[in-house]
**Q** 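Pasting in a structure now, in structure tokens, and then I'll have a few things to ask.
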Amino acid sequence: MNNTIITGAPLTQDSKVLIMVHGRGASAQDILSVANYLNVDGFTLIAPQAEGHTWYPLSFLAPTNNNEPHLSAALQTLDETVKHVLSAGVTAANIYFLGFSQGACLTSEYTTRNATRYGGIVIYTGGLIGDAVNTTNYKGDFAGTPVFIGTSNPDFHVPVTRVEETVKVMETVREFNWRRARRGWAP
């Protein structure tokens, strides 16, 4: 877990953990500042840092192969982070995710590829990755995981159509509870 900041409450088997994933051009420290506005007292906060401040080089709407090997490395970073938390005895139901922009895209991609009962998922302005969504990548069961997906319309980098498609795909990866920000757009 190189280049990862761990702060907040100590990591124990009883921890609630919030994995915070920054956007392009930002840092782990930047995304951690969002915690000042959240009710995360008692949480262990974990923020991995992308090499060069970007998880992958091109738009999340580019063909997936064009973002390789960076995309696979970014997904591996999140997987290693989750495995580190699980190895401390924390259950997946006590792992929460929050991603912003490019970090929201990575968060939605990782959690949908590895669906299980998480504590919750927050996706701020992002969606599943690729020029076309490859539903064969997604497996598991969210089993009632609360999900919040928020965006604006227009957003110059994340089309509302991709946000809506992400919601539909996540709904098909079994049951999840979601709330959509209704800021400037309707379903």
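What you see below is based on every heavy atom in this structure, not just the backbone, and it leaves out hydrogens, waters and symmetry mates.
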**Q** Walk me through it: do Leu106 and Leu75 pass the test side chain to side chain contact (heavy atoms under 4.5 Å, CB included)?
**A** CA-CA 7 Å; Leu106 187 60; Leu75 291 167; 3.6 Å; yes
**Q** If only atom types and distance count, is the side chain of Arg117 paired as donor or acceptor with the main-chain N or O of Asp141 below 3.5 Å?
**A**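 The answer is no, because no donor-acceptor pair under 3.5 Å joins these two groups.
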**Q** Do any N or O atoms from the side chain of Thr4 and from the backbone of Ala47 form a donor-acceptor pair under 3.5 angstrom?
**A**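 Not a single qualifying donor-acceptor pair exists.
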**Q** Do you know the tightest heavy-atom contact between Leu45 and Ala35?
**A**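 The pair with the smallest heavy-atom distance is CD1-CB, 3.7 Å.
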**Q** Taking all non-hydrogen atoms of both residues into account, name the closest pair between Ala92 and Thr116 and its distance.
**A**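 Smallest heavy-atom distance, with atoms named: CB-CG2, 3.8 Å.
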**Q** Pick out which of Val169, Leu128, Thr172 makes a side-chain contact (heavy atoms from CB on, under 4.5 Å) with Thr135.
**A**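 Checked Val169, Leu128, Thr172 against Thr135; only one passes side-chain contact (heavy atoms from CB on, under 4.5 Å): Val169.
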**Q** Please determine, by modelled atom types, if Ser33 and Asp30 share a side-chain donor-acceptor pair under 3.5 angstrom.
**A**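 The answer is no; no qualifying pair exists.
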**Q** Any chance you could lay out the side chain to side chain contact (heavy atoms under 4.5 Å, CB included) test for Leu32 and Met20, step after step, and finish with the verdict?
**A** CA-CA 7 Å; Leu32 283 169; Met20 304 177 76; 3.8 Å; yes
**Q** Are more than 12 heavy atoms from other residues, nucleotides or ligands located less than 6.0 Å from atom CD of Glu51?
**A**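 No, the 6.0 Å shell around CD holds no more than 12 heavy atoms from other groups.
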**Q** What about Leu38 and Val122, same hydrophobic cluster or not, with Ile/Leu/Val/Met/Phe/Trp/Tyr joined at side-chain heavy-atom distances under 4.5 Å?
**A**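 Hydrophobic grouping puts Leu38 with Val122.
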**Q** Can you tell me how far CG of Asn114 sits from OH of Tyr138, rounded to the nearest 0.5 angstrom?
**A**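 Going from OH on Tyr138 over to CG on Asn114, the span is 11.0 Å.
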**Q** With a 4.0 Å cut-off, would you call Glu165 and Arg162 a salt bridge?
**A**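 Counted as a salt bridge, because a side-chain N and a carboxylate O are separated by less than 4.0 Å.
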**Q** How many angstroms lie between atom CZ of Arg24 and atom NE2 of His53, to the nearest 0.5 angstrom?
**A**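 Taking CZ in Arg24 and NE2 in His53, the distance rounds to 13.0 Å.
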**Q** Looking at every heavy atom in both Gly120 and Thr145, which two are closest together, and how far apart are they?
**A**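 Minimum heavy-atom separation between Gly120 and Thr145: CA-CG2, 4.0 Å.
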**Q** Check for a donor-acceptor pair, side chain of Thr44 on one end and backbone N or O of Val17 on the other, with a separation under 3.5 Å.
**A**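 Checked: no pair found.
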**Q** How far apart are the closest heavy atoms of Pro48 and Leu78, and which atoms are they?
**A**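 Smallest heavy-atom distance, with atoms named: CG-CD2, 4.1 Å.
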**Q** Do Glu68 and Leu71 pass the side chain to side chain contact (heavy atoms under 4.5 Å, CB included) test, and can you show the C-alpha distance, the side-chain angles, and the key distance before you say yes or no?
**A** CA-CA 5 Å; Glu68 292 297 356; Leu71 176 57; 3.9 Å; yes
**Q** Rounded to the nearest 0.5 Å, what separates atom CG in Asp79 from atom OG in Ser72?
**A**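 Those atoms lie 11.5 Å apart.
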**Q** If you apply the rule side chain to side chain contact (heavy atoms under 4.5 Å, CB included), what do you find for Asn137 with Glu109, and how did you get there?
**A** CA-CA 9 Å; Asn137 288 334; Glu109 189 70 25; 4.2 Å; yes
**Q** If you look at every heavy atom in Val147 and Ile149, which pair is closest and at what distance?
**A**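 For Val147 versus Ile149, the nearest heavy atoms are CG1-CG1, 3.9 Å.
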**Q** Just one of Thr107, Ile31, Val82, Thr111 clears the side-chain contact (heavy atoms from CB on, under 4.5 Å) bar with Ile19, so which one?
**A**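 By the side-chain contact (heavy atoms from CB on, under 4.5 Å) criterion, Ile19 pairs with just one of Thr107, Ile31, Val82, Thr111: Val82.
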**Q** Quick one, Pro57 and Asn67 - any side-chain contact, counting heavy atoms below 4.5 Å?
**A**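 They are in contact (side-chain heavy atoms under 4.5 Å apart), so the answer is yes.
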**Q** Kindly compute the distance separating CG (Leu11) from CD1 (Ile46), expressed to the nearest 0.5 Å.
**A**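 Separation between the atoms: 5.5 Å.
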**Q** For residues Leu86 and Ile121: do they belong to one hydrophobic cluster (side chain heavy atoms under 4.5 Å, members Ile, Leu, Val, Met, Phe, Trp, Tyr)?
**A**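 In one cluster with Leu86: Ile121, yes.
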**Q** Would you indicate whether the side-chain heavy atoms of Thr125 and Thr151 approach each other to under 4.5 Å?
**A**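 Touching, per the 4.5 Å side-chain cut-off.
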**Q** Mind listing the closest non-hydrogen atom pair of Pro10 and Ser15 along with its distance?
**A**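 Looking at all heavy atoms of both residues, the closest pair is O-OG, 3.1 Å.
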**Q** Do Pro159 and Leu61 make a side-chain contact, defined as non-hydrogen atoms from C-beta onward lying under 4.5 Å apart?
**A**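 They are in side-chain contact.
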**Q** For Gln49 and Ser27, indicate whether the former's side chain and the latter's backbone hold a donor-acceptor pair under 3.5 Å.
**A**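 Side chain of Gln49 to backbone of Ser27: no pair is present.
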**Q** Would you call the rings of Tyr124 and Phe148 parallel, tilted or perpendicular if under 30° counts as parallel and over 60° as perpendicular?
**A**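 Geometry flag for Phe148 against Tyr124: perpendicular rings.
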**Q** Could you pull out every donor-acceptor pair under 3.5 Å between side chains of residues 94-103 and any protein atom, sequence neighbours left out?
**A**
unit_1, atom_1, unit_2, atom_2, d
Gln102, OE1, Thr54, OG1, 3.3
Gln102, OE1, Trp55, N, 2.9
Gln102, NE2, Thr54, OG1, 3.3
Gln102, NE2, Tyr56, O, 2.9

